[in-house]
Protein chains: 2
Amino acid sequence: MVTNIKNGTFDFCETLTDDEDALARAMLERASAKWPLRVMHILAEAKGPLRFSRVLERVEGISQKVLTQTLRTLEADGLVTRTLYPQVPPRVEYELTPLGGELLVEVVGLWQWIANRLPDFEAARKAKGQTENGPKN
Amino acid sequence: MVTNIKNGTFDFCETLTDDEDALARAMLERASAKWPLRVMHILAEAKGPLRFSRVLERVEGISQKVLTQTLRTLEADGLVTRTLYPQVPPRVEYELTPLGGELLVEVVGLWQWIANRLPDFEAARKAKGQTENGPKN
DNA sequence: GATATTGGTTACCATGAGGTAGGTATAGAT
DNA sequence: ATCTATACCTACCTCATGGTAACCAATATC
C-alpha cells in the first residue's frame with residue numbers, strides 16, 4: 001500500500017479535471033465534517049425515515065439552523081432524501097439513500113483505521129520536542 | 001458493506017472513549033482538510049526530505065503562515081518529521097513518516113471512491129427540486 | 001554600513017461560519 | 001379570539017480562521 005507512494009505511481013488529483021477535483025474535495029470535506037457524519041449515522045441507525053425534530057433530538061449539541069443546513073447539503077448531494085408532507089403542521093421526513101449509506105461505510109473504514117492507529121498518534125504527540133538535532137531553536 | 005448498517009451492527013464511536021473519539025475525529029478532519037493532504041502529497045512525491053521553501057513553492061496558493069501551521073500540526077501528529085539544522089541561514093527539512101504515508105493512502109482510497117461515484121453526485125445535484133410530493137411551499 | 005537569505009512569529013484586518021432570537025404559515029383545540 | 005405545534009427562514013452578534021505585511025536573527029556580501 002505505502003509502496004505505491006514510493007515507486008511514484010501515486011497519482012490522485014492528476015486523473016481528474018479541475019471541476020471533478022473540486023467536487024471530490026468538497027465531498028471529502030463534507031463527509032469528514034462534524035455534523036454530516038453524525039446526522040448520517042443517526043439516519044443509518046433509524047433504518048427508516050425520521051422527522052426533523054427526531055433528528056434534532058438525537059444529534060446532541062446541534063442547533064436547528066445548522067441541522068437544516070446540514071440536511072439540505074446532504075440532500076443536494078444525494079446522500080439523504082427529503083420528503084415533505086404538506087400537512088398543516090408540516091411534516092418532513094429524512095432518510096439515508098443507498099449512496100449515503102455507502103459513503104458512510106467508506107468514511108467509517110477510514111475512521112476505524114485511525115482508531116486503530118490511535119496509540120501511534122498519541123505516542124507521536126508525547127515524543128515531541130526532543131527529536132530535533134541541534135541544541136534547539 | 002451497507003448491510004452492517006441495516007442490521008444494526010453499525011457501531012463506530014461507541015467503542016471509543018470520549019477522548020479517543022475526539023482524537024479520531026480531529027485526525028479525520030485534519031486528514032481531509034485542504035492543505036494537509038496537499039502537503040503530504042508533495043512530501044510523498046519528493047520521496048525524501050524537502051526544505052520549507054521547496055514545499056512553499058510546490059503547494060500552490062498556500063501562504064507561508066498557513067504552511068507553517070500545517071507542517072507543525074502534521075509534525076505534532078507524527079505524520080511528518082521536522083529536522084532543524086542550526087545553520088546561519090537556518091535550514092529546516094520535512095519528510096513524510098511511514099505513518100503519514102499510510103494515512104495518505106487511506107485517505108486517497110476514500111478520495112478515489114468518491115471520484116468513482118462522481119457521476120452519482122452530479123446526477124443527484126441535477127435531479128433536485130422535483131422530488132417533493134405535494135405542490136411545494 | 002546596508003542588504004539579502006531562511007524559516008519563521010506577530011499584529012492587524014477581512015471574511016465567514018455558527019449561535020440565538022424572533023418571525024411565519026395554518027389548522028385544530030380551547 | 002388566541003394558543004399550540006412543526007419546520008423552517010431571517011437578522012443580528014460573535015468568534016475563529018486565513019491573508020498580508022512587517023519584524024527577527026546572524027552571517028556573508030557589496
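Throughout, a chain's letter reflects where its sequence line sits, starting with A, and its residues are numbered from 1. Values below: all heavy atoms of this structure, side chains included; hydrogens, waters and symmetry mates excluded.
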- The contact string for nucleotides 10-20 of chain C, one letter per nucleotide 5' to 3', using protein heavy atoms under 4.0 Å with B, S and - for base, sugar-phosphate only and none, comes out as BB------BBB

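Smallest separation of non-hydrogen atoms from A:Leu96 and A:Ala44: CD2-CB, 3.8 Å. Smallest separation of non-hydrogen atoms from A:Leu74 and A:Pro36: CD2-CB, 4.1 Å. Residues A:Glu60 and A:Arg38 share a closest heavy-atom pair of O-NH1, 4.5 Å. Residues B:Glu93 and B:Pro49 share a closest heavy-atom pair of OE1-CB, 3.5 Å.
One finds no side-chain N or O of B:Arg82 lying less than 4.0 angstrom from the OP1 or OP2 phosphate oxygen of C:dG7.
Looking at residues two or more places apart in sequence or on another chain, you find a side chain to side chain donor-acceptor pair (under 3.5 Å) between B:Arg54 and B:Glu57. Here B:Val66 pairs with B:Trp35, B:Ile62, B:Ser63, B:Gln69, B:Thr70 under the side chain to side chain contact (heavy atoms under 4.5 Å, CB included) rule; sequence neighbours left out.
With a 4.5 Å cut-off on side-chain heavy atoms, B:Leu37 and B:His41 do not count as touching.
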Under 3.5 Å, which protein N or O atoms sit close to an N or O of nucleotides 1-6 of chain C? Give each pair with its distance.
| residue | atom | partner | partner atom | Å |
| --- | --- | --- | --- | --- |
| C:dT6 | O3' | B:Arg51 | NH2 | 3.2 |
| C:dT6 | O3' | B:Pro90 | O | 2.9 |

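Under the side-chain contact (heavy atoms from CB on, under 4.5 Å) test applied with A:Val80, the options A:Val39, A:Leu43, A:Val55, A:Thr73 reduce to a single match, A:Leu43.
Taking CG from A:Leu104 and CH2 from A:Trp111, the interatomic distance works out to 11.0 Å, rounded to the nearest 0.5 Å.
Relative to the axis of its first five pairs, the axis of the last five pairs of the helix from C:dG1-D:dC30 to C:dT30-D:dA1 sits at 40°, rounded to 10 degrees.
Classified by interplanar angle (parallel below 30°, tilted 30° to 60°, perpendicular above 60°), the ring pair A:Phe121/A:Trp113 is perpendicular.
Using a 4.0 Å cut-off between a side-chain N of Lys or Arg and a carboxylate O of Asp or Glu, B:Arg58 and B:Glu45 do not qualify as a salt bridge.
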- Task: Check step by step if side-chain contact (heavy atoms from CB on, under 4.5 Å) holds for A:Leu71 and A:Arg82.
- Result: CA-CA 8 Å; A:Leu71 284 169; A:Arg82 178 187 137 100; over 6 Å; no

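Put simply, chain B comes within 4.0 Å of DNA chain D, heavy atom to any atom, from D:dG18 to D:dT27, going 5' to 3'.
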